[in-house]
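Have a look at the structure below before the remarks.
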Amino acid sequence: MTESDILVEVRDLKVHFPIKRGVIFDRTVGHVKAVDGVDLRIARGKTYGLVGESGCGKSTLGRALLQLTPPTSGEVSFDGVELTTLPAGRLRTMRRRMQMIFQDPMSSLDPRQNVESILTEGLQTHGIGGSRDERRKIIGETLDAVGLPRWALSRYPHEFSGGQRQRIGIARALVLGPELIVADEPVSALDVSIQAQVVNLLDELQDSLGLTYLVIAHDLAVVRHISDTIGVMYLGALVEEAPGDRLYTEPLHPYTRALMSAVPVPDPDVEDRRERILLAGDLPSPANPPSGCRFHTRCPWAQPTRCADERPVLREIGASRVACHWAEQIATGELRPHKVSAQITRPAGEGEEPHVVSAPSEPGSYV
Amino acid sequence: MALLDVEDLSVTFARRGQRTVHAVDGVSFSVDAGEVVGLVGESGCGKSVTSLALMGLLPKQPGLRVGGKAVFDGTDLLQLDDRSRRDIRGRDIAMIFQDPLSSLNPVIPIGLQVTEVLTRHRGMKGAAAEKEAAALLDRVGIPDPKRRLKEYPHQLSGGMRQRALIAMAVACQPRLLIADEPTTALDVTIQAQILELLKDLVRDSGTALVMITHDLGVVAGMCDTVNVLYAGRVVETARRRPLFREPRHPYTVGLLGSVPRLDAGRGERLNPIPGSVRDVLPWPDGCAFAPRCARRVDECVGEPPALVLAHDGRSYRCVNPAPAPGTVPTPAATAPVVDDPLASAAAEATASPVPAPREEEKP
Ligand SMILES: Nc1ncnc2c1ncn2[C@@H]1O[C@H](COP(=O)(O)OP(=O)(O)OP(=O)(O)O)[C@@H](O)[C@H]1O
Ligand SMILES: Nc1ncnc2c1ncn2[C@@H]1O[C@H](COP(=O)(O)OP(=O)(O)OP(=O)(O)O)[C@@H](O)[C@H]1O
Ligand code: SF4
Ligand code: SF4
Ligand SMILES: [Mg+2]
Ligand SMILES: [Mg+2]
């Protein structure tokens, strides 16, 4: 890849959210390290897929990349322009080139605005389309691109089905003519039979408009389907990055292996043959991540040396980048997995009194 | 004889001034002892209402009407009074829900909730009940079970709460376990743990399991028999392998063709089912799937398609099913009415043999 093929480059990006306690004085008692040192590059016209379990920092990374959440440290360059130090005014003009699509189209669309005003709003803020007619033309073309009819313009979001609402969300992003689209869980709120329609639409739009995507999703099959490169996140950091096919056929990081083996495939033959790598216990809290390799508390391959006290950095192995001290020895089979005992992770807010809600009269009466 | 025989179950919600909702519209399926049966379908097809009706847990609201039969071990569950239903529930039939937090009592420690079930159905008390409760938590993979007994649901993670709920559900070794999307709210590695646990439990105890899910992958991995639901009815029933290898009902074919697979490469275009689940024909007027079906023929509308019992023990509700491999395919069917998610509304204007569904829906 030459430099000009890279549209987005993220270097050592960190987003730490303060944890506040106290009623009168807001005391900062710690930090949630939602994103904790991520390096990645997204090639122009390609799709980068970001996967990982709930709370691993995918959305925060996406938002920080677009400067919607201010990064704590690190750099983000978009088409050669450093965004983290850009003055607000120039950042606003850059924004039209980078748009976002959200998981739940209903909550991201104003219910009181009809489709036309939703689409016009963005054009006006960015001063695109001098005249009303010109704006109409742009909007018309956008509707065609996402497969919505013209009469949709006078309708309101609630008058559409979930899949159509997601099309409106995509139209709102597209109308500005962006180069990069960050899609955060674009299909996870949709019905199974509708997901494919939206996935195909994203594919087609990329082909016809040359868009670059960062697709964030917890559904590995969807991500594999649309991504050229996939990054796997665990507790705020990338643990592995590889071309989609390679990640599936040759996962190198123990967490990627477990993740790949956990996804159910709608094919009894595959299901019966597969060997599951079951992880013990839950994801540790990002407020209090394990030392060393963050995965060492659940890693079936964890070793007595290095794993618990030395944080692995991403290293290139073949076409992949992997953050594991022992990736080579695991790949050759020299190191074998062992049993791990589960550790309890406390959900956020633990230790506080249980919320008093109207409790059903008999315990266990539900089962 | 089957352990559970559900026959023509229907559930309607009528509300004044509103359209009557046929949430379940003639569902039939059966479960043998020790069998794992899947109920699979998209959102709103009636999976949860079916399970709640069986458990007698539907909200007692005016306008609720439940019809049909659900015979469990010789007793019709739908005819039971509240008392005998409560006796059966927990002891013979137990249920696990998607959201464990809403089915655990938030102000009572986990231990007490488990021992309460043991006391009610197995007559266990005091230290014995507590010991058994700890053993159950241990069995479902909750670390340090003795200490967990004193904790409240909110102190456990989602996966651990689901385990606690499973512990309560299996406390009395029920003969039937109904699990309604038990892993949908969980992360994929936690889902794998819970599914493995459920598989182990039913294998070890011979409990029959009704697995309700929208995830075809989950079904492929664990169900002996699969029932595919569409718009409140079972449209296809088959053993697991035949269903995935040679689906006959066009909706099943469509579902399988539209889900991306982890083991498929990049960029292979998916074949989405056109339209949405809102584009339905009411069953009495014909096949509910007709507005979205690529194999639709004239006979599909007018009256509901009858259930066809195929020779290999499977059944489907379709007049023009996908050809079984090795047979001569039927001539090309008419084009689908909806070939684009919005054409359904556009079709209102054009004369279509199928009444075009309304796009509008009151929120
Ligand atoms: N504004 C915020 N303030 C404090 N903490 C936050 C904030 N936003 C996110 N977090 C925390 O940062 C972590 C990462 O959150 P994020 O939403 O990025 O995860 P995610 O990978 O997108 O998860 P999901 O799959 O559930 O969407 C979580 O622990 C979350 O609670
Ligand atoms: N109490 C109720 N009153 C009126 N309609 C209801 C009620 N409960 C459910 N319904 C309707 O019954 C239909 C079937 O609902 P059900 O919850 O069984 O769907 P489901 O298959 O479980 O879907 P999901 O996958 O979203 O859980 C839906 O159209 C729903 O809106
Ligand atoms: S560095 Fe150690 S603990 Fe981390 S993934 Fe590799 S083997 Fe496992
Ligand atoms: S072929 Fe006819 S009966 Fe069969 S699913 Fe299609 S519309 Fe329904
Ligand atoms: Mg997110
Ligand atoms: Mg449901």
Side-chain angles (χ1 to χ4, degrees), chain A residues 53-54 147-149 158-159 161-164 191-197 199-200 203 218 220-222 224-228 244-245 248 258-260 262-268 270-271 276 278-279 281-283 341-347 349-350 354-357 359-360 363-364 366-367, chain B residues 42-43 90 94-95 103 105-108 112-113 116-117 141 143-144 152 154-155 157 159-160 165 168-169 187-193 196 214-218 220-221 240-241 244 254-256 258-263 265-266 269-273 276-278 340-342 346 359-360 363:
Chain A
E53 293 177 284
S54 185
L148 286 168
H158 73 261
E159 298 181 62
S161 67
Q164 290 164 346
D191 247 326
V192 190
S193 74
I194 306 302
Q195 291 192 358
Q197 296 173 5
V199 167
N200 279 356
D203 256 344
H218 65 272
L220 270 136
V222 167
R224 165 109 202 265
H225 184 83
I226 51 179
S227 306
D228 300 289
D245 293 342
Y248 176 73
L259 205 56
M260 291 291 168
V263 179
V265 174
D267 182 338
V270 176
E271 282 297 306
R276 280 231 156 77
L278 284 185
L279 295 181
D282 305 307
L283 207 68
S341 55
Q343 300 183 359
I344 278 279
T345 302
R346 299 305 185 175
E350 181 253 329
H355 327 274
V356 179
V357 283
Y366 297 140
V367 286
Chain B
E42 290 174 89
S43 186
M95 185 156 174
S103 19
N105 190 323
V107 293
I108 297 179
L112 204 55
Q113 302 197 45
E116 159 60 44
V117 180
D144 203 357
Y152 292 89
H154 74 105
Q155 292 176 286
S157 67
M160 287 299 159
L165 199 63
M168 288 164 69
D187 272 318
V188 57
T189 60
I190 310 295
Q191 160 168 296
Q193 297 170 0
E196 210 57 38
H214 66 273
D215 189 333
L216 289 162
V218 168
R240 176 173 74 126
R241 279 173 194 282
F244 283 90
L255 264 190
L256 287 169
S258 62
V259 288
R261 285 174 55 150
L262 184 64
D263 57 348
R266 150 108 171 104
R269 280 282 145 89
L270 305 171
N271 296 309
I273 303 176
S276 80
V277 283
R278 287 160 62 188
D340 150 339
L342 284 149
E359 235 353 281
E360 283 81 7

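Residue numbering restarts at 1 for every chain, and letters A, B, ... go by the order of the sequence lines.
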Checklist entry - Taking it one step at a time, do Tyr248(A) and Leu220(A) satisfy side chain to side chain contact (heavy atoms under 4.5 Å, CB included)? => result CA-CA 10 Å; Tyr248(A) 176 73; Leu220(A) 270 136; over 6 Å; no
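- Only the side chain of Val199(A) comes within less than 4.5 Å of a heavy atom in chain B; its backbone stays farther off.
- Applying the salt bridge (Lys or Arg N to Asp or Glu O under 4.0 Å) rule to Arg261(B) yields the partners Asp267(A), Asp263(B); only residues at least two apart in sequence or on another chain are considered.
- Of the atoms belonging to Leu278(A), it is side-chain heavy atoms, and not backbone ones, that fall under 4.5 Å from chain B.
- Here Asp228(A) is the residue among Ile194(A), Asp228(A), Val222(A) with the most heavy-atom pairs under 4.5 Å with chain B.
- For chain B, the nearby part of Asp245(A) is the side chain; its heavy atoms alone come within less than 4.5 Å.
- In this structure, the portion of Glu196(B) lying under 4.5 Å from any heavy atom of chain A is its side chain and not its backbone.
- With hydrogens and angles disregarded, no donor-acceptor distance shorter than 3.5 Å links the side chain of Gln113(B) to the backbone of Met168(B).
- Among Ser227(A), Ala258(A), Gly163(A), the residue with the largest count of heavy-atom pairs under 4.5 Å with chain B is Ser227(A).
- Proximity of a side-chain donor or acceptor of Gln197(A) to a complementary backbone N or O of Ile273(B) within less than 3.5 Å is detected.
- The backbone N or O of Tyr152(B) sits less than 3.5 Å from a side-chain atom of Gln155(B), completing a donor-acceptor pair.
- Ranked by heavy-atom pairs under 4.5 Å with chain B, the first of Ser54(A), Gly162(A), Pro266(A), Gly244(A) is Pro266(A).
- The candidate from Asn200(A), Val192(A), Val263(A) with the greatest count of non-hydrogen atom pairs under 4.5 Å with chain B is Asn200(A).
- Residue contact with chain A, scored on non-hydrogen atoms closer than 4.5 Å, involves the side chain of Leu255(B) exclusively.
- Listed options Glu271(A), Met260(A), Glu53(A), Gln195(A) were ranked by heavy-atom pairs under 4.5 angstrom with chain B; first place goes to Glu53(A).
- Taking each heavy atom of Ala169(B) and Ala94(B) in turn, the nearest pair found is O-CB, 3.3 Å.
- Every residue two or more places apart in sequence or in another chain that forms a side-chain contact (heavy atoms from CB on, under 4.5 Å) with Asp215(B) is listed here: Pro264(A), Gln191(B), Thr213(B), Val218(B).
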